Amino acid sequence: MACLLLPVKAVADGNGEILYEKADSLYGIQSYDAAEQVALEALPACKGSEVEGDCLNLLAIIYIRKGDFNQAVKYARQCYAFDEKSGDPDAMSSSLNTLAGIYMSMRQPKEAEKYVLKAIEYAKKADNPQRMAVLHGMASEVYHTLKQEEQSLDYATKAYEMEQKLGRQDKMAIRQAERASALISLHRDSDAKMALDEAIPGLRESGNIHSLGIACNQMGLLMHQFHNDSAAVRYYSEALKIFVSQHDLYNESKSRYGLYEALRSSDPVQAMEHNDRYNELRDSIYDENTGELLSKYAAEYGYDELQAENSEILRSRRIYTMACVVIVALLLALLAFALWRHRRDRRRMRELIHQIESMHRVESLENVDGQTTEVETDQTEDDLNAEDRLFLMQTVRVVNDGLPSGQYGVEEVASQMNMSVQTFRRRLLSVTGESPKAFISAIQMERAAKLLLDNPDMPVSRVASLCGYDETNSFGRCFKRAYGMTPSQYRQQQ
């Protein structure tokens, strides 16, 4: 009979609630794409019911995990407005926690601090111990990012004690990982290792893959500091596998850099491969998280939060202006660094191309009957000995032969030269100081330049194909990076 007292729209239709529960389950197993699709289908069916707020909150945290902050902010704002109308302190603490998570994902911990502290106040009013534990864990992450490690450790320890009382073993593992983050920063490495020794098995057992990856990165760092690089490589490799599968570029970059540090002595070739990928990821992460994007969200949402307090609004504007100045300065510094590195890479590419051109000149000094003319080492333009030069000339021939058919990968080239891939990598690195990828790219560019000049009527698309490129656009970008101009401009200028 009590149900008759509720408004007509107070309860979601059965289908809406079922869809919401399904989406929530999919999120729990980290199937974010599937969870998004089901939650979007559930939202209209939940309209006007208590489940609507839960559905909005779920969509916000799904988009946080997917890195789509535009959508995350949109649904978090709708959720907080919904919860404010209800006046439910527990629901309000939940939506504020989501907002804190968004700002943490956007690398704005000072904004996140305000929301998480406010959320803790509402959770106290609601007397919800589970929510309090989660919020203390979030507060620990916020203060860790702010480098206030004593506060971070205090919140993480309180969260761990709360989870202990609740008997939630899987959450206890997460809290220990949070404690380890603060302990490592406080240089309490032995305590950090003890925390991770408990956290990692618990995270494996619960299937919390993302937190497990972060914990493995932390343990890898500790093992490296303890001079146990073989153990460090195991932990970093486990973390790398997780973050590659989840397309988590930020944490993958940490795993790559850790493997570079741990492998530098034992396997320098593999270490350099991880370092190359780390540099690529670092550029990609910056491209996806520009200062303009971050400041946009800070202004948009922070302004709405404080609009009722005139003095606070003026203070926020001053802070925003200062932040813009800092961001512009940082962007200029990053731009200068990127420009320097771009010029350095182009200069090195031109040096490799010049070296390949020199080898072609030596190779062309053949008798009519096919016998190679002897050339003294000190008469050439490089300092290579005869054995190294022969190795490079053979590499150039094998790559050039394989370009039209696409058979010029490291594995194919190594096989043609009767070497294992590792032996070929190590030999090429020792002779040129460059990875096989860079050297093969230089061979492609040297061949491209020659084809463009020797065949003025040949279409650029044909030149690209003969140099191993399936797409003309990709070829054009690579050529411009090497020569500073498009293939057509190069042909006209020459």
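Remember, it's a predicted structure, so these values are computed and weren't measured experimentally.
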Worksheet item: Salt bridge or not for Glu273 and Arg277, using N-O below 4.0 Å?
Response: no

Worksheet item: Just wondering, more than 12 heavy atoms not from Tyr408 lying within 6.0 Å of its OH?
Response: yes

Worksheet item: Does Glu205 CD have over 12 foreign heavy atoms under 6.0 Å away?
Response: no

Discussion item. Can you confirm whether or not the ring centre of Tyr260 sits under 6.0 Å from the ring centre of Tyr278?
Written reply: no

Practice prompt. Output yes when Glu238 and Arg204 qualify as a salt bridge under the 4.0 Å nitrogen-oxygen rule, no when they do not.
Written response: yes

Worksheet entry | Pair Arg175 + Glu161: basic N to acidic O under 4.0 Å | no

Fill in: Side-chain heavy atoms of Asp83 within contact of Asp88, under 4.5 Å
no

Fill in: Ionic contact status for Glu121 with Lys118, cut-off 4.0 Å
no

Item to complete: Might you confirm whether atom CE of Met194 has over 12 heavy atoms from other residues, nucleotides or ligands at distances under 6.0 Å?
Response: no

Discussion item. Could you check whether Glu111 pairs with Lys114 (Lys NZ or Arg NE/NH1/NH2 to Asp/Glu carboxylate O, under 4.0 Å)?
Written reply: yes

Practice prompt. List the steps and the verdict of ring-ring contact (aromatic ring centres under 6.0 Å, His included) for Tyr115 and Tyr103.
Written response: CA-CA 9 Å; Tyr115 288 111; Tyr103 278 101; 5.5 Å; yes

Worksheet item: Would Glu149 and Tyr143 count as having a side-chain donor-acceptor pair, cut-off 3.5 Å?
Response: no

Discussion item. Does Arg425 form a side chain to side chain donor-acceptor pair (under 3.5 Å) with Ser435? I'd like the steps, not just the answer.
Written reply: CA-CA 7 Å; Arg425 285 183 187 277; Ser435 66; over 6 Å; no

Practice prompt. Could you give me the CA-CA distance, side-chain angles and deciding distance for His210 and Phe243, then say whether ring-ring contact (aromatic ring centres under 6.0 Å, His included) is met?
Written response: CA-CA 7 Å; His210 191 264; Phe243 295 130; 5.8 Å; yes

Discussion item. Between Lys66 and Asp33, does any side-chain N to carboxylate O distance fall below 4.0 Å?
Written reply: yes

Discussion item. Strictly below 4.0 Å, N to O, side chains only: are Lys193 and Asp189 in salt-bridge contact?
Written reply: no

Discussion item. Under the criterion side chain to side chain donor-acceptor pair (under 3.5 Å), I'd like the reasoning laid out for Glu198 against Tyr160: C-alpha separation, chi angles, the key distance, then a yes or no.
Written reply: CA-CA 12 Å; Glu198 179 181 340; Tyr160 177 76; 2.9 Å; yes

Worksheet item: Atom CD of Gln37 and atom CD1 of Ile62: how far apart are they, to the nearest 0.5 Å?
Response: 11.0 Å

